[in-house]
Amino acid sequence: MNIKNNIKNSRILLTSMSMALSLAIVGCSSTPVAAPTPYKPANSKAAYGYSSEKIAVDEYKVLFKATDKTPADKVQQFALYRAAEIAQKQGFTYLAIVKTNVDKKPVIAREVMTGTEEPPVFQTDRQCTMSGCDEVAQPMAVPSSNDVVKTQINDIYFTIDVKMANDKTRLGKNAFTVLEVLSQPLEPKNAN
């Protein structure tokens with residue numbers, strides 16, 4: 001009977017620990033990271049990256065959501081690049097930005113602060129047993145050289161309305177060729 005109770009209690013404890021760990025992981029992952037946003041699809045409404053909405057046969061609204069740690073020119077480039085990908089997929093050769101909009105919303109984010117201090121030296125004690133003596137490091141609470149802190153940042157919502165066509169004259173003098181936009185690298189090449 002005692003063994004059954006121990007097994008039952010062990011299962012309850014493991015289930016509770018699993019749930020607590022899951023909540024901790026979800027809690028950490030739902031807090032944005034105060035870092036530049038890379039070019040990627042936004043997999044949900046709250047996620048960072050690009051998303052789009054078809055307005056008409058030849059017009060799309062493209063949104064790029066980023067942290068304010070992402071340079072403004074990168075955010076604009078990412079939105080235009082995504083619009084060019086859509087235009088190419090839809091069979092258009094030209095695109096023009098009809099309207100732009102930028103919104104900022106403050107949020108609390110995680111940021112890793114790196115310290116410049118030397119790594120801590122652990123205290124050692126001499127521990128002796130019948131087989132001899134050894135130096136043993138003593139565990140102690142030491143501040144880390146990398147701390148995660150909460151900081152306020154802004155979420156940037158950069159939206160462009162884009163018209164697409166196969167005839168440049170339909171879009172005016174500010175039209176881009178799709179191939180011209182797609183030929184620009186999203187990340188600068190390393191100068192090694």
When the side chains of residues 91-104 are checked against the rest of the protein, which donor-acceptor pairs come out under 3.5 Å, sequence neighbours left out?
residue : atom : partner : partner atom : Å
Thr93   : OG1  : Asn166  : OD1          : 3.4

Please list, one pair per line, the donor and acceptor atoms closer than 3.5 Å that link side chains of residues 151-161 to other protein atoms, with sequence neighbours excluded.
residue : atom : partner : partner atom : Å
Asp155  : OD1  : Tyr48   : OH           : 2.5
Asp155  : OD2  : Tyr48   : OH           : 3.3
Asp161  : OD1  : Lys61   : NZ           : 3.1

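Taking both residues in full, the closest heavy atoms of Val57 and Lys54 are given as CA-CE, 3.9 Å, listed atom of the first, atom of the second, then distance. In plain terms, the two heavy atoms of Ala46 and Lys65 that are nearest each other are O-NZ, 2.8 Å. For the residue pair Lys69 and Ala35, the shortest heavy atom distance occurs at CB-C, 3.6 Å. Minimum heavy-atom separation, Thr37 to Gly49: CG2-N, 4.1 Å.
Scored by the salt bridge (Lys or Arg N to Asp or Glu O under 4.0 Å) test, Glu59 finds Lys163 as partners (sequence neighbours excluded). With sequence neighbours excluded, the residues that form a side chain to side chain contact (heavy atoms under 4.5 Å, CB included) with Ala42 are Ala47.
To the nearest 0.5 Å, the span separating CG on Leu80 from CZ on Phe176 amounts to 5.0 Å. Note that NZ of Lys40 is 14.5 Å distant from CG of Leu186, once rounded to the nearest 0.5 Å.
For residues 83-92, the set of pairs meeting the salt bridge (Lys or Arg N to Asp or Glu O under 4.0 Å) definition, not counting sequence neighbours, comprises Arg82-Glu85. For residues 66-91, the ring pair (Phe, Tyr, Trp, His ring centres under 6.0 Å) pairs, not counting sequence neighbours, are Tyr39-Phe78, Tyr39-Tyr81, Phe64-Phe78.
Residues Val178 and Met164 have side chains not in contact (no heavy-atom distance under 4.5 Å, counting atoms from C-beta outward).
Hydrophobic cluster membership differs between Val107 and Val33, with clusters built from Ile, Leu, Val, Met, Phe, Trp and Tyr side chains linked at under 4.5 angstrom.
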